[in-house]
Number of protein chains: 2
Amino acid sequence: MPQISLSRRLRRTPFSDGVEAAGVKAYTVYNHMLLPTVFESVEADYRHLKTHVQVWDVSCERQVELRGPDAARLMQMLTPRDLRGMLPGQCFYVPIVDETGGMLNDPVAVKLSEDRWWVSIADSDLLLWVKGVANGYRLDVLMDEPDVSPLAVQGPKADELMVRVFGDRVRDIRFFKFDMFEFEGRDLAVARSGYSKQGGFEIYVEGSDIGMPLWNALFEAGENLNVRAGCPNLIERIEGGLLSYGNDMTDDNTPHECGLGKFCNTHTAIGCIGRDALLRVAKEGPVQQIRPMAIDGAAVPPCDRPWPVFAGEKRVGQVTSSAWSPDFEINVSIGMLRLSHWDAGTIVKVATPDGMRSATVQEKFWI
Amino acid sequence: MPQISLSRRLRRTPFSDGVEAAGVKAYTVYNHMLLPTVFESVEADYRHLKTHVQVWDVSCERQVELRGPDAARLMQMLTPRDLRGMLPGQCFYVPIVDETGGMLNDPVAVKLSEDRWWVSIADSDLLLWVKGVANGYRLDVLMDEPDVSPLAVQGPKADELMVRVFGDRVRDIRFFKFDMFEFEGRDLAVARSGYSKQGGFEIYVEGSDIGMPLWNALFEAGENLNVRAGCPNLIERIEGGLLSYGNDMTDDNTPHECGLGKFCNTHTAIGCIGRDALLRVAKEGPVQQIRPMAIDGAAVPPCDRPWPVFAGEKRVGQVTSSAWSPDFEINVSIGMLRLSHWDAGTIVKVATPDGMRSATVQEKFWI
């Protein structure tokens, strides 16, 4: 595997010193920032995540902050999800679409108050879209990337570890809700969320200076819980059906193609820029859709480009994420399949770098 | 040095097969795409670039295409450079600024015709800003990322190699101009430009399918010119004062701070979104500016974060790019310095990871 050349442009995080001391072996780049991908090995990290508790540097989930009288209006312009019922203290997963209904990002929106929002973004410069729109529509809103770096605590022992640092009250946080907790005199938003299916939290660390103190506090408190540095795990996130913007979907795709129709209220999301473009697909449904797929045979190589999917001679889709699952003893995969071939049980062929493999469309993701 | 984890999100290019066969050792990520950084070693690549000719996969210079009746108006909204005198066939280096005058990108604009432009971008999702603005102002323009991947041919033997593939007429292309040339029945724009000071060309390869045929044609034609796969070289680009967006400047900086005031015609660039914000700085000048700096002592480690610059106890700037230059036997560097300490000959201290080093502000870059 080639190396990564470090430069200021691939930004370090408030936790990078901790990540390096923990022996990070590989990175990817996400929102112009370093995101660890491997500590011991992808498989060893996977087993540990499912058994113990990990601390993840996910600073690369940068925040786009919207602040001001038009903040809520602008937020609704960005997404086909109807936000009228959303209360401060809630987190909503919101597909963001352009004027054609193409996905620009799939962030979590955090409503701090009526006129203050954080949008915790996937890998695209969403701030540029937001600023362009606000400028063109002359909205009364301030937008920037604040000094906020999420730190995730994930795994079956996440509650136990968090209680030791933030107190018993963390147990009361419900899924996709957040509350404020004090650490070294600072109030931090702590949400029950995260990019795994093992349970856990995301701490919105406001102020880079308390990054390493918090990192160290978590490791000290978790010593006898076998806490380790970790990162979003390729195998576990495919098993759990957690999509990755840029991998499993791009701006070519509508939310409906990505199986995110349930997060779209296209009829009532008045003001959403892509609403007109999505009305027809919302009514008639998409012609292709993301599906879980199991690829037969031995472990596949890394999926570094779309693998075409065939039915006979006809191309019917592509696989965009794939990994060998030790727990399910199959290559768990995410693909985009045409309507004609997306039913569970359909058998297709996937052109992997190791040759054609048989694959079966699944009813649902694994965990 | 850690490894890079490959995935579809870090997009391959039409030339990736050639880059891998040439033994690429390291990558960076640029516009969500793989950009090679090392083949033999940074120093060996440098020497070869200055002596022979290299073929560079710079597909990551993605194009933002603007097409339609409002294309020229939109292009002028993006930049404080006055574009009224620009003719089809010309390339202009254009700072792109937001409403506060902060740099969003520093691309080369290629004017194909009055109503069709390519913006050959640095590392930010400029398409999102452009689409947001066009949507807000209801402009009549189509915008997308076309299937165009620049391939650079750089080095003292670049003319000789290009003549062998495209014919004698390439010698007539003047600096920052382009003309159309045929390759395998396709018309390709070929510009005399590139991210080195060794001379050469950038071929705007339209259509991924002819990527490897062109790559192979260049290597076959250049065998006795000692042609090699190369990439933008850290040492040579610092010697030449070629700035890197994200490294040497960010959206915190105005073009004037980046020494790009000469590309700003703030008074006459009517329509530029950041014009109001830049009028004062254009008149009074910036309070900090990018300067060449020479850091004393042995080779510095990689500059993966800003290195603070001090005069006594006072912080007066930062170094953002630095490398040992074999030709000038000094650590050639790029820094942002306060007005009080930017005069050539000023001696300052730089906090490198190896400790405090003395450094001298230079009159000009080295090549």
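Protein chains get the first letters and strands the later ones, always in sequence-line order, with residue 1 at the start of each.
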Engineer: Of the listed residues (P36(A), P302(A), S124(A)), which shares the most heavy-atom pairs with chain B below a 4.5 Å separation?
Structural biologist: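 Option with the greatest count: S124(A).
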
Engineer: Less than 4.5 Å to any heavy atom of chain A: does that hold for the side chain of V38(B), its backbone, both, or neither?
Structural biologist: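 For V38(B), the side chain is the part near chain A, not the backbone.
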
Engineer: Tell me, for K131(B) versus chain A, whether the close heavy atoms (under 4.5 Å) come from the side chain, the backbone, both or neither.
Structural biologist: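 For K131(B), heavy atoms of backbone and side chain both lie under 4.5 Å from chain A.
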
Engineer: Ignoring hydrogens and geometry beyond distance, is a side-chain donor-acceptor pair present between R305(B) and S16(A) at under 3.5 Å?
Structural biologist: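 R305(B) vs S16(A): no donor-acceptor pair found between side chains.
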
Engineer: Just verifying a value: how many Å separate D304(B) CG and R11(A) CZ, rounded to the nearest 0.5 Å?
Structural biologist: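 Atom-to-atom, D304(B):CG and R11(A):CZ are 14.0 Å apart.
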
Engineer: What pair of heavy atoms forms the shortest contact from R8(A) to P306(B), and how long is it?
Structural biologist: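 Closest approach of R8(A) to P306(B): NE-CG, 3.4 Å.
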
Engineer: Need one label for Y30(A): side chain, backbone, both or neither, based on atoms under 4.5 Å from any heavy atom in chain B.
Structural biologist: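 Both backbone and side chain.
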
Engineer: Picking from G132(B), S321(B), A134(B), which has the most non-hydrogen pairs under 4.5 angstrom with chain A?
Structural biologist: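 Answer, by heavy-atom pair count under 4.5 Å with chain A: G132(B).
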
Engineer: With chain A as the partner chain, list the residues of residues 246-253 of chain B whose heavy atoms fall under 4.5 Å from it, by residue number, and write 'none' if nothing qualifies.
Structural biologist: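 Residues of residues 246-253 of chain B touching chain A at under 4.5 Å: G246(B), N247(B), D248(B), M249(B), T250(B).
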
Engineer: Please classify the contact of L126(A) with chain B as side chain, backbone, both or neither, using a heavy-atom distance under 4.5 Å.
Structural biologist: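 Interface part for L126(A): backbone (N, CA, C, O).
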
Engineer: Counting heavy-atom pairs under 4.5 Å with chain A, which one of D123(B), L104(B), V24(B) comes out on top?
Structural biologist: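 Option with the greatest count: D123(B).
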
Engineer: Name the option with the most non-hydrogen atom pairs under 4.5 Å to chain B; the candidates are M1(A), R12(A), R138(A), Q3(A).
Structural biologist: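 Looking at each of M1(A), R12(A), R138(A), Q3(A) in turn, Q3(A) comes out on top.
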
Engineer: For a quick test of reading the model, state the closest non-hydrogen atom pair linking S5(A) to T28(B) and the distance between them.
Structural biologist: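 Minimum heavy-atom separation between S5(A) and T28(B): O-OG1, 4.2 Å.
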
Engineer: To the nearest 0.5 Å, what is the distance between CD1 (I96(A)) and CG (L128(B))?
Structural biologist: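 Reported value, rounded in 0.5 Å steps: 11.0 Å.
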
Engineer: Within the distance-only criterion (no hydrogens, no angle test), does the side chain of D125(A) pair as donor or acceptor with the backbone N or O of D125(B) below 3.5 angstrom?
Structural biologist: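 At least one qualifying donor-acceptor pair exists.
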
Engineer: Go through the structure and list residues passing side-chain contact (heavy atoms from CB on, under 4.5 Å) with I4(A), not counting sequence neighbours.
Structural biologist: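 By the side-chain contact (heavy atoms from CB on, under 4.5 Å) rule, I4(A) matches L6(A), L10(A), Y27(A), V29(A), L34(A), P2(B), I4(B).
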
